Colleague: 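Please read through the structure below; I'll follow up with questions.
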Amino acid sequence: MPLLTPEECIQHCRAEPEDGPMLESLLASAECAVEGYLNRAVFADADELSAAQDALPLAAGAAQDAYDAAMANVSSLANVAAQEMAVFVARERLAAARLEFSRVLHGMVANPRIYAAVRLTLGNLYANREQVVVGAAAAELPQGVPELLKPDRRTMMP
């Protein structure tokens, strides 16, 4: 569930109501960026977090079953290169699933800093929709998104 309503997005960005669908997409990107920086999943409330964590055992079982099935099919492939690639793909898929499980397991309920970071990121994505800015000086704010999120960051990465 998105952290902000469409109305909150429109109001925050001072956008027109017809920009709602675009803001919905940008909100998803902003939330994804925040979660990526935090290296954990973010949920609107404790019930949503609990439900996601409760679903982990079944999801982990399904991921392991998919891995086992892929590994069982390796021997049916005709050549060594195909077998090696099938093993590599199966391992990467399982690793990606485990990373996502870890992010949910260590997930958190959104706090005011997270809401502020999502709003800042959303506003930036909306205001800077073009790849090139002409005739404007750009500067990073000293109280930006990283400063808001550092206290909740799970794994320190560059």
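The model shown is predicted, which means the values in this text are computed figures rather than measured ones.
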Colleague: If we ignore hydrogens and angles and just use 3.5 Å, is the side chain of Asn111 paired with the main-chain N or O of Ile114 as donor and acceptor?
Modeller: yes
Colleague: Which value, rounded to the nearest 0.5 Å, describes the distance between Tyr115 atom OH and Leu120 atom CG?
Modeller: 15.0 Å
Colleague: Are Val104 and Leu3 linked, directly or through other ILVMFWY residues, by side chains that come within less than 4.5 angstrom of each other?
Modeller: no
Colleague: Any chance CD of Gln64 has more than 12 other-residue heavy atoms, nucleotides or ligands included, within less than 6.0 Å?
Modeller: yes
Colleague: Short question: side chain of Asn128, backbone of Asn124 - any donor-acceptor pair under 3.5 Å?
Modeller: yes
Colleague: I'd like to check Leu122 versus Cys13 (side-chain heavy atoms, cut-off strictly below 4.5 Å). Are they in contact?
Modeller: yes
Colleague: For Arg91, enumerate each residue passing the salt bridge (Lys or Arg N to Asp or Glu O under 4.0 Å) test, keeping only those at least two apart in sequence or located in another chain.
Modeller: none
Colleague: Using side-chain heavy atoms (C-beta onward) and a distance below 4.5 Å, is Glu84 in contact with Val87?
Modeller: no
Colleague: Please examine the side chains of Glu8 and Arg119, heavy atoms only from C-beta on, and report whether any two atoms are closer than 4.5 Å.
Modeller: yes
Colleague: What closest approach, in Å, do Leu125 and Ala30 show between heavy atoms, and which atom pair accounts for it?
Modeller: CD1-N, 4.0 Å
Colleague: List the steps and the verdict of side-chain hydrogen bond (donor to acceptor under 3.5 Å, both in side chains) for Arg103 and Asn39.
Modeller: CA-CA 6 Å; Arg103 287 180 172 194; Asn39 198 23; 2.9 Å; yes
Colleague: Same cluster for Leu56 and Leu49 if Ile/Leu/Val/Met/Phe/Trp/Tyr side chains link at under 4.5 Å?
Modeller: yes
Colleague: Can you give me the closest heavy-atom contact between Tyr37 and Pro146, atom names plus distance?
Modeller: OH-CB, 3.7 Å
Colleague: Nearest 0.5 Å, please: how far is CG in Leu105 from CD in Gln53?
Modeller: 6.0 Å
Colleague: Within a 6.0 Å radius of atom CE on Met71, are there more than 12 heavy atoms belonging to other residues, nucleotides or ligands?
Modeller: yes
Colleague: Flag this pair as yes if the NZ/CZ of Arg93 is under 6.0 angstrom from the six-membered ring centre of Tyr67 and inside a 45 degree cone about the axis; otherwise no.
Modeller: no
Colleague: Assess Arg129 against Tyr126: is NZ or CZ under 6.0 Å from the centre of the six-membered ring, and within 45 degrees of the ring's axis?
Modeller: yes
Colleague: Just how far is it from atom CG of Leu23 to atom CD of Gln11, taken to the nearest 0.5 Å?
Modeller: 12.0 Å
Colleague: Quick one: does any side-chain atom of Thr121 pair with a main-chain N or O of Val118 as donor and acceptor, under 3.5 Å?
Modeller: no
Colleague: With the side chain counted from C-beta on, respond yes when Cys9 and Glu24 share a heavy-atom pair under 4.5 Å apart, and no when they do not.
Modeller: no
Colleague: So, Gln83 versus Asn79: side-chain donor-acceptor pair below 3.5 Å or not?
Modeller: no
Colleague: Just how far is it from atom CE of Met85 to atom CD of Glu92, taken to the nearest 0.5 Å?
Modeller: 10.0 Å
Colleague: Do Val34 and Leu38 have side chains that approach each other closer than 4.5 Å (heavy atoms only, starting at C-beta)?
Modeller: yes
Colleague: How close do Pro17 and Ile10 get, heavy atom to heavy atom, and via which atoms?
Modeller: CA-CD1, 3.8 Å
Colleague: Does any N or O in the side chain of Ser29 come within less than 3.5 Å of the main-chain N or O of Ser25, such that one atom is a donor and the other an acceptor?
Modeller: yes
Colleague: To the nearest 0.5 Å, tell me how far Arg14 CZ sits from Asp19 CG.
Modeller: 14.5 Å
Colleague: Would you confirm whether Glu48, through its side chain, and Phe43, through its main-chain N or O, come within 3.5 Å as a donor-acceptor pair?
Modeller: no
Colleague: Is any side-chain heavy atom of Ser102 closer than 4.5 Å to one of Arg40?
Modeller: no
Colleague: Do side-chain atoms of Glu35 reach the backbone of Val42 as a donor and acceptor pair under 3.5 angstrom?
Modeller: yes
